[in-house]
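A quick write-up on the structure given underneath.
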Amino acid sequence: GGGCTVATNTVATIPSGTYYCPTYRIRNNTTLSLGGVVVIYCDTFSIENSALLNWGAGAQSSNLVIIASSGATIGQNVNMKGAVYAPGANVTMENSSTITGMLVGNVVGISNQYTVNYDPYAGQNTPAAPYLGALADAIDWRDI
């Protein structure tokens, strides 16, 4: 019933593997690299303001997938490479964030000055996750 929280201002590497945590929360100003292929299963996922997840030289969007059954929130000024897969839930991306990979959600809400660099190979190296490239077509798109 608990959650997993990465503390504010943490700099760390997530070891290669498959993880489950009901609530997965990455706090402000955190930098997380990957030690290989990473799959995170959770009910809710949040990455807070000014955090970096799988970002920088050598980071590949194909090595990360986050599967969130109840929703995901990407805070302001976040930079991330990977796939966020929440087909039955809402995904929210806030101001000035950049995602290289893909966002899959029942409803995807994106705020001001965002960048989504679509990568059809996002999450592809993660054997526990579905191949997400076939899910990349937008069914409905409206700028609000």
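One-based numbering along the sequence shown.
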Inset, instruction - Can you sort out the partners of Gln76 under side-chain contact (heavy atoms from CB on, under 4.5 Å), two or more places apart, ordered by chain and number? - result: Asn49, Glu94, Asn95
Inset, instruction - Look up atom CD1 in Ile110 and atom CE in Met93, then write down how far apart they are to the nearest 0.5 Å. - result: 6.0 Å
Inset, instruction - Report yes if some heavy atom in the side chain of Val38 is under 4.5 Å from a heavy atom in the side chain of Thr126; otherwise report no. - result: no
Legend entry - Transitive ILVMFWY cluster of Leu52, excluding itself - 4.5 Å side-chain cut-off: Trp55
For a quick test of your reading: what N or O donor-acceptor pairs under 3.5 Å do the side chains of residues 63-71 make, sequence neighbours left out?
from  : atom 1 : to     : atom 2 : distance (Å)
Asn63 : OD1    : Asn125 : ND2    : 2.8
Ser69 : OG     : Asp43  : OD1    : 3.2

Legend entry - Within-4.5 Å side-chain heavy-atom neighbours: Thr44 and Tyr24: no
Inset, instruction - Give the C-alpha distance, both sets of side-chain angles, the deciding distance and a yes or no for side-chain contact (heavy atoms from CB on, under 4.5 Å) between Val116 and Thr100. - result: CA-CA 6 Å; Val116 177; Thr100 297; over 6 Å; no
Kindly list each side-chain donor-acceptor pair under 3.5 angstrom involving residues 9-17, sequence neighbours excluded, with atom names and distances?
from  : atom 1 : to    : atom 2 : distance (Å)
Thr10 : OG1    : Ala7  : O      : 2.6
Ser16 : OG     : Val37 : N      : 3.4
Ser16 : OG     : Val37 : O      : 3.0

Legend entry - Where Val91 and Gly105 come nearest, the two heavy atoms and their spacing: CG2-CA, 4.0 Å
Inset, instruction - Please go through Val107's hydrophobic cluster and name the other residues, only I, L, V, M, F, W, Y counting, with side-chain heavy atoms under 4.5 Å joining them. - result: none
Legend entry - side-chain contact (heavy atoms from CB on, under 4.5 Å) involving Ser96 - partner list, sequence neighbours excluded: Asn77, Gln113
Inset, instruction - Could you tell me which residues satisfy salt bridge (charged side-chain N to carboxylate O under 4.0 Å, His left out) with Glu48, sequence neighbours excluded, listed by chain and number? - result: Arg25, Arg27
Legend entry - Residue pair Phe45 / Ile26, side-chain heavy-atom distance below 4.5 Å: yes
Inset, instruction - Could you pull out all residues at least two apart from Ser61 that satisfy side chain to side chain donor-acceptor pair (under 3.5 Å)? - result: Asp119
Inset, instruction - Enter the distance from Cys4:SG to Tyr20:OH here, rounded to the nearest 0.5 Å. - result: 9.0 Å
Legend entry - Test item: Thr98 and Asn117 side chains (from C-beta on) under 4.5 Å apart, heavy atoms: yes
Inset, instruction - Report the residues that fulfil side-chain contact (heavy atoms from CB on, under 4.5 Å) with Asn106, sequence neighbours left out, ordered by chain and then residue number. - result: none
Inset, instruction - Can you sort out the partners of Ala59 under side-chain contact (heavy atoms from CB on, under 4.5 Å), two or more places apart, ordered by chain and number? - result: Asn54, Lys81
Legend entry - Which residues share a side chain to side chain donor-acceptor pair (under 3.5 Å) with Thr30, sequence neighbours left out: none
Legend entry - Pairing residues for Asn90 by the side chain to side chain donor-acceptor pair (under 3.5 Å) criterion, not counting sequence neighbours: none
Legend entry - Nearest heavy atoms of Cys21 and Cys42, plus distance in Å: O-CB, 2.9 Å
